[in-house]
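Following: one structure in structure tokens, then a few remarks.
For ligands, and for the atoms within them, numbers begin at 1 and follow the listed sequence.
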Amino acid sequence: MTTSPGAVRSAFAPWDDPALEPLVVYDGVTKRYGAETAVDDLTLKIYEREFFALLGPSGCGKSTLMRLLAGFETPTAGRVLLGGRDLAGVPAHRRPVNMMFQSYALFPHMTVEKNVAFGLTMEKLPKDEIRERVAAMLKLVKLDSYAGRKPHQLSGGQRQRVALARALVKRPQVLLLDEPLGALDRKLREETQFELIALQQRLGVTFVVVTHDQDEAMTMATRIAVMDKGRVAQVAPPPVIYEAPATRYVAGFIGDINLIEGKVAAVAGACAAIETEIAGRVEIETAESLSVGQAVAVAWRPEKTRILRAAEPVPAGRLVISGIVHDIGYLGDWTTYGVEAGAGKLRAAVANAARSVEQPIAWGEVVRLAVAPDAFVLLTR
Ligand code: ADP
């Protein structure tokens, strides 16, 4: 029996194995442009076969990190290592790293085949070898019957695959992808995400992708580094980033979150009581070491919030917050409700599992939000 790619992926966690050497190491790297610090004393390890995503708002240093690895920039301080070797002084074209540029960087006057062959032709490889490698790569990205076309005779998705083939045909150890799906529309983007994962697994190449699209990072990445002003705020697999964000910044950056400020009122073992302004006292289990009086935040996701109408009983053991429906966003599959509750606005998201509801929740309706204690995340930073 063969193991499915998904099963291989689920068991993949080289970062948990202390005996494994990372493929790429950013070791205390700083990059300054004049007075601007693009990357700030950053340490990060990326393992072989990872599909690693750098995620963060514009200007947080994602592209700079990539260019440092590709060899288009040199660090102001610190080291970048690949396979244990310091890359300082190794020029870009001698690094086993390739960058996939967006599909509009294809040569318009060249055929698909010539575009893909370009890097190998520049390296002056034997013609037969070039032909073989290009043919194999075009087959892999399912473009073998398009070899003679020019880029303008292809769809956006096909052009993107040519760009990918052109970068992969050189057999890099690490492929850098800068907003790889940015030029595609949403439907095609979603399809292409899964194609990219399958291709990456087949080739065993390490991918490092820069994106500002959190859905893209969540879908494709083995791990995500959430970046903030040249630093890494958290590195973890997507479910950990989402369910156990390390800081307020990470919690707020990925998805929607309800976040209420409070102070530690009491600590007993792994359980803490937090006094909050809008939800009263919240009891929460935590591994953090806390001191009484410390300012903290209690956070939970909108989809882990039940919205109860006036007549509905409150399930046992829930935290209950009363409020007034302030806005309703109908998204088809989900409806999100903004609820004014005392000093702040909270959100609840409800899956529209039934086609019709007799009396939908209305703007201005008085409701209660119920949250199970295991939905809470305690944030100290
Ligand atoms: P991101 O990819 O996350 O949008 P960048 O790595 O491109 O961020 O940029 C990080 C910061 O460094 C930004 O403030 C940007 O203006 C600055 N920066 C990037 N490249 C240069 C450059 N060549 N010269 C001057 N400043 C730069």
Checklist entry - Does anything in residues 148-187 pair up under ring-ring contact (aromatic ring centres under 6.0 Å, His included), and if so which pairs, sequence neighbours excluded? => result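 Passing the test, one end in residues 148-187: no pairs.
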
Next on the checklist: If the condition is ring-ring contact (aromatic ring centres under 6.0 Å, His included), which residues does F194 pass it with, not counting sequence neighbours?
Outcome noted: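 In terms of ring-ring contact (aromatic ring centres under 6.0 Å, His included), with neighbours along the sequence ignored, F194 is linked to no residue.
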
Checklist entry - If you look at every heavy atom in P75 and V80, which pair is closest and at what distance? => result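 In terms of heavy atoms, the two residues are closest at CG-CG2, 4.2 Å.
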
Next on the checklist: Using modelled atom types and a 3.5 Å cut-off, is there a donor and acceptor pairing between side-chain atoms of Q153 and backbone atoms of K150?
Outcome noted: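 Side chain of Q153 to backbone of K150: a pair is present.
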
Item to check | SB check E340 K345 (cutoff 4.0 Å) | outcome: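 Salt bridge absent between E340 and K345.
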
Item to check | Residue contacts for ligand 1, heavy atom to ligand atom, distance under 4.0 Å | outcome: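 Lining ligand 1 at under 4.0 Å, by heavy atoms, one finds Y33, E36, A38, P57, S58, G59, C60, G61, K62, S63, T64, R67.
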
Item to check | Residue pairs, two or more places apart or on separate chains, that pass salt bridge (Lys or Arg N to Asp or Glu O under 4.0 Å) and touch residues 63-79 | outcome: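 Residue pairs passing salt bridge (Lys or Arg N to Asp or Glu O under 4.0 Å), neighbours aside: D27-R79, K31-E73, R67-E73.
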
